[in-house]
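In what follows, residues are counted from 1 in the order of the sequence shown.
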Amino acid sequence: MNSPDRIEELLNATRDSFSNGALVQLKLGGYHGPEPELKAVLVKKIATKGGEKYSFTWRYKTRDTIKNYAEDEAMELLRDGLAVEFRSAQLATTGFDMLFERNGEKQRLKRTEVEGRAAPSTEHNRAKNRPLTETGKPWLKALGLAGKNGAIRHDAQDKFRQINKMVEIFAPLVAALKAEPPLIVDMGAGKGYLDFALYDYLATVVKRPARIVGVELREQLVEDGNATAKASGFAGLSFEAGTIMAFDASGADAVIALHACDTATDDAIFKGIAAGAALIAVAPCCHKQIRRQMEAGKPDETLEPLLRHGIFVERQAEMVTDTLRALLLELNGYRTRVFEFVSDAHTPKNNLIVAEKDGRFGRDREAVLKQIAEIKAMFGIEHHHLEGLLEV
C-alpha cells in the first residue's frame, strides 16, 4: 500500500514509542547521500541531565559519531533523511516492528506485532564504552590525568573523554595500515597525550603494537615523555626534540599532527606526503596565513557580506585553508575526508583531515589545479603555504 504519508506514520509511531518507553531502536539504511563512508543511522532513547533525548549514532566505515537531539529537531532530521537520503528504516518497539521502504516516490510501510521484547536501558553509557578502561596506568598519573588513587581527576574528565575519542578514531585507521609494526610519527606531540593513549590501546587491547615517535620542539617535554614511556614499559614509544621540517620522516607509515599552529600543519602534511605515508591525519589550529591574505587581498565582491565581520572572516579562513589542504592532498594521490572528531564543547579546533594514500584513487590533475586556482582567486589569496612546500 503506497502513500506519501508513510513517513509521517513512521515518525508518529517513533514519537509514541519514545514517550511511552516502548522504543527499542530506529535504524535508517539504504543510504544514497553525499557521504560515501556513511553506512547507517541508529536512533535510541537516552536519559541525560537535560532530560530524555533522541540519541543519533551515525555509523561510518571506520568510526561512529553520536549526537543527541530534542524531539522537534530529531523529527526534522528523520523526516528530511527518509524523504531524500535513506531508502529504508526499521523501527523496533516492545510491541511491534515497522519496516519502511522508499523507491522513488513510492513508499511502503509494514507493521508486525511482537511479544516479550523488553525496552533497553536509557542510561547514558558512553563512558562505559571507552577504549581506555584501566585508569591506574603510570602515564595517566604522569600526564596529570589520574590522581594517586588511580581514578581520573575531576578536572581532567573532559580531557580523558577527548583522548578516548581520538583513540576510537585513530585505532581503526592504524589497523588498516599494512606495515608490521607500523611507524607513526606525531608532529608537534606536546605532552604526548594521544601517543601514550594510542600506544597503550594498540599494545594491550588490540594486541597490534606500533612504533610511535613524537616530535616536539620543547626539550623538557621530550625528556619527560621519554621518562614516562620508559616507566610505562612502552619500548616502542619515544620522543625526539626538533622542528617538524628538520625531522626525517622517511619510512613513516602514518604522520599525524593535532593542533599544530597555522602553517605547522602544512609542514606536517608535506612531511607525510614526502615520506609516502599511507595515512596523514591532522587537526588544524589557527589559519593566520590565509586570513591575512584574505584581509589584504581583493576577494570577489559577492563575498563582501561573508567577510564583513571579523568572526566570519575567521571561519571562512578556516574553511578555505582546509579545503585547499584537502585538494592538495588529493593532488598527491590521497583519498581525503574532513569531519568533526570531538565535540566543540571540548575544543573549538575540532576538525580532522584524514588522508589515505590509495593507488586506485585519482582525480584529473588539471581539474584539481583549476579548482585550487578558482578558490584562491575568489578569496583574494596569492599562495597557500603547502603549495610552496609541494612546489605546485
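- Here the straight-line distance linking atom NZ of K298 with atom CD of E382 works out to 10.5 Å at 0.5 Å rounding.
- Using a cut-off of 4.0 Å between Lys/Arg side-chain N and Asp/Glu carboxylate O, R335 and E356 are scored as not salt-bridged.
- Between atom CG of residue L11 and atom CG of residue L78 there is a gap of 6.0 Å, rounded to the nearest 0.5 Å.
- Salt-bridge check for E101 with R87: failed, with every basic side-chain N at 4.0 Å or more from each acidic carboxylate O.
- If you take CD1 on I152 and CG on D158, they are separated by 12.0 Å, rounding to the nearest 0.5 Å.
- With respect to the salt-bridge test (charged N to carboxylate O, under 4.0 angstrom), the residues R315 and E318 do not qualify.
- The distance between the ring centers of F196 and Y201 does not fall below 6.0 angstrom.
- Cation-pi contact between K357 and Y334: present, with separation from the ring centre below 6.0 Å and deviation from the ring axis of at most 45°.
- Atoms CD1 and CG, from I256 and D186 in turn, are 4.0 Å apart once rounded to the nearest 0.5 Å.
- A 6.0 Å sphere centred on CD of E115 holds no more than 12 heavy atoms belonging to other residues, nucleotides or ligands.
- Checked against salt bridge (Lys or Arg N to Asp or Glu O under 4.0 Å), E301 has no partners two or more places apart in sequence or in another chain.
- In summary, the aromatic rings of F86 and Y31 are positioned with their centroids under 6.0 Å apart.
- Across all non-hydrogen atoms, the minimal contact from R102 to E85 is NH2-N, 3.9 Å.
- The stretch residues 221-237 participates, sequence neighbours left out, in these side chain to side chain donor-acceptor pair (under 3.5 Å) pairs: Q220-D224.
- Other cluster members for V84: none, since no ILVMFWY side-chain heavy atom sits under 4.5 Å from it.
- Side chains of N164 and R161: a donor-acceptor N/O pair is absent below 3.5 angstrom, by distance only.
- Annotation: W58 is not in aromatic contact with Y60 [ring centroid separation under 6.0 Å not met].
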